[in-house]
Structures are given as structure tokens and as C-alpha cells.
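What follows is a set of notes on a single structure, which appears directly below.
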Number of protein chains: 2
Amino acid sequence: MARTKDPAIRTLLIERAAHMLRTREPITLRSLVAGTGMSTMAVYTHFGGMDGLWKALRQEGFTRLAARYDSMAGSEDPVRDLTALVAAYLDNALDHPDLYQVMFDASVDLEDLEAADSTLDRLVDTARRAGEAGRFHPDTRPRRLAVQSWIIAHGLVSLVAGGPLSIRTLDNGPPMLTALYIGAGDDPDRCRASVEAGWRVSDRAGV
Amino acid sequence: MARTKDPAIRTLLIERAAHMLRTREPITLRSLVAGTGMSTMAVYTHFGGMDGLWKALRQEGFTRLAARYDSMAGSEDPVRDLTALVAAYLDNALDHPDLYQVMFDASVDLEDLEAADSTLDRLVDTARRAGEAGRFHPDTRPRRLAVQSWIIAHGLVSLVAGGPLSIRTLDNGPPMLTALYIGAGDDPDRCRASVEAGWRVSDRAGV
DNA sequence: TCCGAAAACATAACATTGCTATGCAATGTA
DNA sequence: TACATTGCATAGCAATGTTATGTTTTCGGA
């Protein structure tokens, strides 16, 4: 009937674009396909244009974040786990700073929303687990606490990665999360220990 | 000796660009000067190119924020004032969402840093005043608390303005600030009242 | 008062951008 | 095996930011 579209080309282009993003090469229609043997039309068959490519890159960013979350083992301390998720969010953003920027600048169509919600759900689940373990006030809304954790993570990383604040600003993470979770009802000493433990899960080297 | 550059043209172009930003018209070199009688070279004499124009727009954004801060009267309750500054930051960003985005996407050269620091200093001063009034632990670092307030404000507004979260998410502002300031040592009940009062200073209509 | 230099500005051309029109080739189905 | 449908290459298009070049304006010094 018709020639079949090779999905490998799609992922190849996305990975190439992600690589160019990381190496700070400007991503243009022609520079993207240069050297690959493909013509510019490949971008149109697979993504419908450059806008489609950027959208696919945003999806890729959320996919990598989800993969990072998948690789994390939960513990019996949900506040530690919640902190670890926030720390992983920061690490992911700092490992792929340009990709992270792409994820949040042109946004937001429906698919972007779904991708963002899907990663947020990890935080919500863990916050709920903490609530069920009696760490928070009984009327604490898990989603609300998850969103607040996300706000801190996003504010931190977007002011640090290419923003006006220095990398040391990340040290504000633990105290801010601690204040947040204590405010939600956690026992101060226990909370500090949990956040401390969760923060250290990150593989941030000497930051 | 030489023809003198008219500074009025510079501000005219900036205001025109800011207006086009607000009305979602794409800002291109030619569209910017179209209808003004100027030629495209005006942008080069006054800004050195489009990059210079974007940089001037970022400065304009910080200038408007500073003007908003200038218009605010301080009270005898510095925690209320600190909250009011954060609320004003949010209002400013929501009043000029596109300008706000410009302020933080391409950033950051030295002048941008200075402009950001200058507005941050308002928060630092107020946080220091709160510390001197005995609201916080004696070892609370004002700049640290100011930065943490900024992180919350920026995280909130950048996830809400054009981001994945709804406008109602702004309701997370007061509880987050309250948790932060209580964590810094403020008395819980007094803190809640101060934050409540500071938040209401904003002219956000029914949000 | 006038001249000359220096800077602002207008005009126009340039390379590069994303995109589209068109034709060809490949491939699965009838 | 014939054919229709789709992937893809080539080439050209309008629009972008920039630069090259010439003109005009303005101000300081003779």
C-alpha cells in the first residue's frame, strides 16, 4: 500500500536534537539533519515541522525524568522518599539543563500537561503514603503538598540553572523542604533526619 | 561634531516592544519599526541589534518590578511587609507574563544579575528588619530567607503563568511562606496573621 | 560664519531560517 | 504483477537578523 515510516528515525532525530541541545549547538532544521543522510523533509514526515520536534523534545524530557523516578527504590520512610524525589528532580534538571528549559518555555499543550501530571503523580503518591503513615496532619492534602514540593524544586532549579543564582543556592533545598513538611505536621527532629537522608540519595557530586 | 542619539527613541522602542509582547504580536526587527517612520537601522544604533533589544526588555522588566516595590509603604510588621513584597512580585509577573518570561529565559549577563540583585535587596532588607524585630531566630541569615522567599515566588509564578499549573495554585503562596517563616522562628499564630495581612496588600482581583 | 568630521539614519543586499511545492521511488495490497 | 499510497529528495519561497554602503544631520573649531 505505502512505504512505512521507520520509527527509529524519529528517536534518532530526538536523540540527536537532545545531544545538540546539550552541546549548545543551535538546533535548526538543516543543522539537525546535516550529516545524517536525511533531508529536511524527514523532520516534516516524523514531526510535522520544527514545532513538533520541540514538542517531542519536551516529551523526552519528561520521559527521562520518569525513568529516573522508576529507578528509585522506595523505603519505609515516605518523607525521606518524597525528599529523594525532589532531589532527583533537581538532579535531572541539572543533568539536562537545556532540555529542562525546553520543557517549560513554550509549554503547554494537552500532552505536555499529561506528561507533567504523570511525573507529579509520583510525588502525590509518596505524599499520600507519608500522610497514611501518620507523618502529617490528618487533613493534609497529598496533592497540595506535592505541588508545593514541586514549586520549591522548580523555583530552585530554574533560578540556578542558567538563572541568576549560584549553584550553592541548592543548599536551600533541605531547609525549605523541612519547613514545608514540619508545617504539614511532621515531627521536627524526625523530619530533619528524613529530609537529610532523602537529599543524600541524590548523586549530585559534591554540590 | 556628530549627530546626537535621541534617548527618547530608545524608550519609545522599548515601550513599543513591551506593548507588542503584551498583545502577543511577534517581535521582529521589521515589525518593531513598522509604522514608526524609523528604519531597521534604528534598532542597531540604539541597541546594537535584536539581542540588545531583548536585553533592554529584561532591564525594563526589573525596572517595573522596582517601581512597584517603590510604590509600597512599609509597616511596623516586617513579616507582613516581606509577604507583601512576595505578593507584589507575583502580581507584577502576572500583570506582565510575557515580559516576565523574557526576564528569565535568555538571562544572564552582568547587568541582568545586577538588576535581579537590586530587586532581591528589597527582600533582604525587609527580612533583616524582621530579624531585628525579633521575629526570627537570632542566627537567621536575612539574605538566605530572602532567597528562599524568591524561590517560592518564582516557582509559583513560573509554573502558573503559561506553565502547567492553574491560577488557583497561587493559593499555595501563603501556606508556603508561613511554613518558611515559622521555620525561621516566627511565632505561628503571629506569622499566619502577618502573612495573611501581607498577602492581602496585593491588588489581585479575586484570585 | 563656515567647514569638516563623526554619528545617526536610509536603502538595499546578504545568508540563514522554517516551510511548501513538486516529483520520484519504494512498498504493501489487490 | 499493477497500482495507489506514502516516505523522502530537490529546489524554491517568504521572512528573519545582519551588514555594507551611501546620505544626512549636527556640533566643535578656525
Side-chain angles (χ1 to χ4, degrees), chain A residues 1-60 98-99 101-102 105-107 109 111-112, chain B residues 1-60 98-99 101-102 105-107 109 111-112:
Chain A
M1 184 170 169
R3 205 167 156 187
T4 65
K5 180 166 14 182
D6 181 4
I9 292 186
R10 191 187 154 90
T11 70
L12 187 149
L13 281 176
I14 291 177
E15 279 175 19
R16 178 170 165 81
H19 179 262
M20 293 174 71
L21 214 54
R22 186 166 51 247
T23 56
R24 303 287 201 284
E25 302 166 74
I27 297 183
T28 72
L29 177 63
R30 287 168 177 80
S31 71
L32 182 64
V33 298
T36 64
M38 288 177 266
S39 86
T40 59
M41 279 305 294
V43 175
Y44 284 82
T45 8
H46 292 274
F47 302 98
M50 285 305 279
D51 282 356
L53 177 86
W54 290 112
K55 178 171 162 182
L57 270 178
R58 291 197 292 275
Q59 291 289 323
E60 174 70 13
D98 308 276
L99 191 54
Q101 187 172 329
V102 169
D105 47 50
S107 230
D109 63 17
E111 288 186 47
D112 292 332
Chain B
M1 186 166 167
R3 204 168 158 187
T4 67
K5 181 167 11 183
D6 181 4
I9 293 185
R10 191 187 155 90
T11 70
L12 187 149
L13 281 176
I14 291 178
E15 279 175 20
R16 178 170 164 81
H19 180 263
M20 293 174 72
L21 214 54
R22 184 167 51 247
T23 56
R24 302 290 199 285
E25 302 167 75
I27 298 183
T28 72
L29 177 63
R30 287 170 177 79
S31 71
L32 182 64
V33 298
T36 65
M38 289 177 265
S39 85
T40 60
M41 281 305 294
V43 174
Y44 283 82
T45 39
H46 291 275
F47 302 99
M50 285 305 280
D51 281 355
L53 177 85
W54 289 112
K55 179 171 160 181
L57 270 178
R58 291 198 292 275
Q59 290 288 321
E60 175 70 13
D98 309 274
L99 190 55
Q101 186 172 327
V102 169
D105 49 45
S107 228
D109 64 14
E111 287 185 49
D112 293 331

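Chain naming here is simple, since letters A, B, ... match the order of the sequence lines and numbering starts at 1 in each. Being a predicted model, the structure only gives us computed values, none of them experimental. Basis for what follows: all heavy atoms, side chains included, without hydrogens, waters or symmetry-related copies.
- Atom-to-atom distance recorded for Leu53(A):CG and His46(A):NE2 is 11.5 Å, nearest 0.5 angstrom.
- Nucleic acid contact class of Leu32(A) (heavy atoms, under 4.0 Å, all strands): none.
- Arg10(B) has its CZ atom 13 Å from the P atom of dC9(C), to the nearest Å.
- Counting any heavy atom pair closer than 4.0 Å across all strands shown, Gly52(B) reaches no nucleic acid atom.
- Contact annotation for Met41(B): base contact, defined as any heavy-atom pair under 4.0 Å involving a base atom.
- Between dG7(D) and His46(A), no contact under 4.0 Å exists linking OP1 or OP2 to a side-chain N or O.
- Separating the CZ atom of Phe47(A) from the C1' atom of dG7(D) is a distance of 15 Å, rounded to the nearest angstrom.
- Nucleic acid contact for Leu53(B): none, since no nucleic acid atom lies under 4.0 Å from a heavy atom of the residue.
- Within the 4.0 angstrom heavy-atom criterion, no nucleotide atom of any strand lies near Gly48(B).
- Among the atoms of the strands shown, base atoms are found under 4.0 Å from some heavy atom of Ser39(B).
- What separates CZ of Arg30(B) from P of dT11(C) is a distance of 13 Å, to the nearest Å.
- Atom CD1 in Ile9(A) sits roughly 14 Å away from atom P in dA26(C) (whole-Å rounding).
- Candidate nucleotides dC9(C), dT11(C), dC19(C) were compared by shortest atom distance to the side chain of Thr40(B), and dT11(C) ranks first.
- One atom, CG of Asp51(B), and another, P of dT19(D), lie 11 Å apart when rounded to the nearest Å.
- The distance between atom CE of Met38(A) and atom C1' of dA9(D), rounded to the nearest whole Å, is 13 Å.
- Remark: the backbone N or O of Leu32(B) is paired with a side-chain donor or acceptor of Arg16(B) at under 3.5 angstrom.
- A donor-acceptor distance shorter than 3.5 angstrom exists from the side chain of Thr45(A) to the backbone of Met41(A), with no hydrogens or angles considered.
- When the C1' atom of dG28(C) is taken as reference, atom CG of Asp6(A) falls 16 Å away, rounded to whole Å.
- Taking side-chain N and O atoms only, Tyr44(A) has a distance below 4.0 Å to OP1 or OP2 of dC19(C).
- In this structure, Thr45(B) reaches the dC9(C) phosphate: one of its side-chain N or O atoms is under 4.0 Å from OP1 or OP2.
- Panel note: side chain Gln59(B), backbone Glu111(B); a donor-acceptor pair is recorded below 3.5 Å.
- A residue-by-residue look at Thr4(B) and Trp54(B) shows that Trp54(B) has its nearest nucleotide of DNA chain D further toward the 5' end.
- Rounded to an integer number of Å, the gap from Leu29(A) CG to dC8(D) C1' is 13 Å.
- In terms of heavy-atom proximity, Thr28(B) sits nearest to Met50(B) at C-CE, 4.0 Å.
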